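Reading through the structure tokens given below for one structure.
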Amino acid sequence: MIPNLDWQDRAACVGLDSRVFYANGKHAREQVNAARKVCAACPVRIQCAAWAIQTGEKWGVWGGMSQKELRQKRVRDRAPRTSASGKPKRKAPEPAKCGTRSGYQKHLREKTAPCQPCRQANTDADNRLRRTGTTKAAA
Ligand code: SF4
Ligand SMILES: [Zn+2]
């Protein structure tokens, strides 16, 4: 299939010095920012970024993204969201249990009234802190 590249006719960078888009040397950062400014006003920014990602474009600013950002986006897009078993890769953190200091803090975060076990745990931890300088229970 021949890719449709009509969008390039509407590119804001047509006719511009392409060196702006291929930063290097000690002014690279300023160059990238200048390129980004051109892209920010470009009507085909989305198509351009998609094209660069699709074709694995390694150099230069495309669609307002630096080559580093394009690389990171490609890695993210490729990263599997689930493991081979189909289960989500990352485990959700354990919810804070009631009757612990983190349970108490969870109540505060969620603006719910701390329950008795949580209040107790928090008081215990406070007392331990005063006695021992740490909230951790003695081993
Ligand atoms: S987004 Fe930037 S690099 Fe892409 S076509 Fe537009 S001006 Fe050119
Ligand atoms: Zn609780």
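Since the model is a prediction, treat every value here as computed from it, not as a measurement. Ligands are counted one by one from 1 in listed order, and the atoms in each one are counted from 1 as well. We use all heavy atoms of the structure for the numbers below, so side chains are in, but hydrogens, waters and symmetry mates are not.
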Taking side chain as C-beta onward, heavy atoms only, is Arg74 less than 4.5 Å from Glu69?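 Arg74 vs Glu69: side chains apart.
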
Can you list the atoms of ligand 1 that are under 4.0 Å from a heavy atom of [X]?
| X | value |
| --- | --- |
| Cys42 | 1 (S), 5 (S), 6 (Fe), 7 (S) |
| Ala11 | 5 (S) |
| Arg45 | 1 (S) |

Roughly, to 10 degrees, what angle do His107 atom NE2 and Cys115 atom SG form around the Zn ion (ligand 2)?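 Rounded to 10°, it measures 120°.
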
What distance separates Trp59 CH2 from Leu70 CG, expressed to the nearest 0.5 Å?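 Here the interatomic distance stands at 12.5 Å.
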
Distance from Lys106 atom NZ to Cys118 atom SG, nearest 0.5 Å?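 Lys106 atom NZ to Cys118 atom SG measures 9.0 Å (nearest 0.5 Å).
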
What residue and atom, counting heavy atoms only, is the protein's closest point to atom 4 (Fe) of ligand 1, and at what distance?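 It is Cys48 SG, 2.2 Å.
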
Starting from atom 8 (Fe) of ligand 1, locate the nearest protein heavy atom and write down its residue, its atom name and how far away it is, to 0.1 Å.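 The closest one turns out to be Cys13 SG, 2.2 Å.
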
Any N/O/S of Cys39 under 2.8 Å from atom 2 (Fe) of ligand 1?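 Cys39 does place an N, O or S atom closer than 2.8 Å to atom 2 (Fe) of ligand 1.
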
Closest heavy-atom contact between Ser66 and Val32?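 Answer, listing the atom of Ser66 first, then Val32: CB-CG1, 4.1 Å.
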
Please give me the minimum heavy-atom distance between Glu57 and Trp62, naming the atom from each residue.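 The answer is CG-NE1, 3.0 Å.
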
Exercise: do Arg119 and Asn122 side chains pair donor with acceptor under 3.5 Å: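 Per modelled atom types, Arg119 and Asn122 side chains form no pair under 3.5 Å.
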
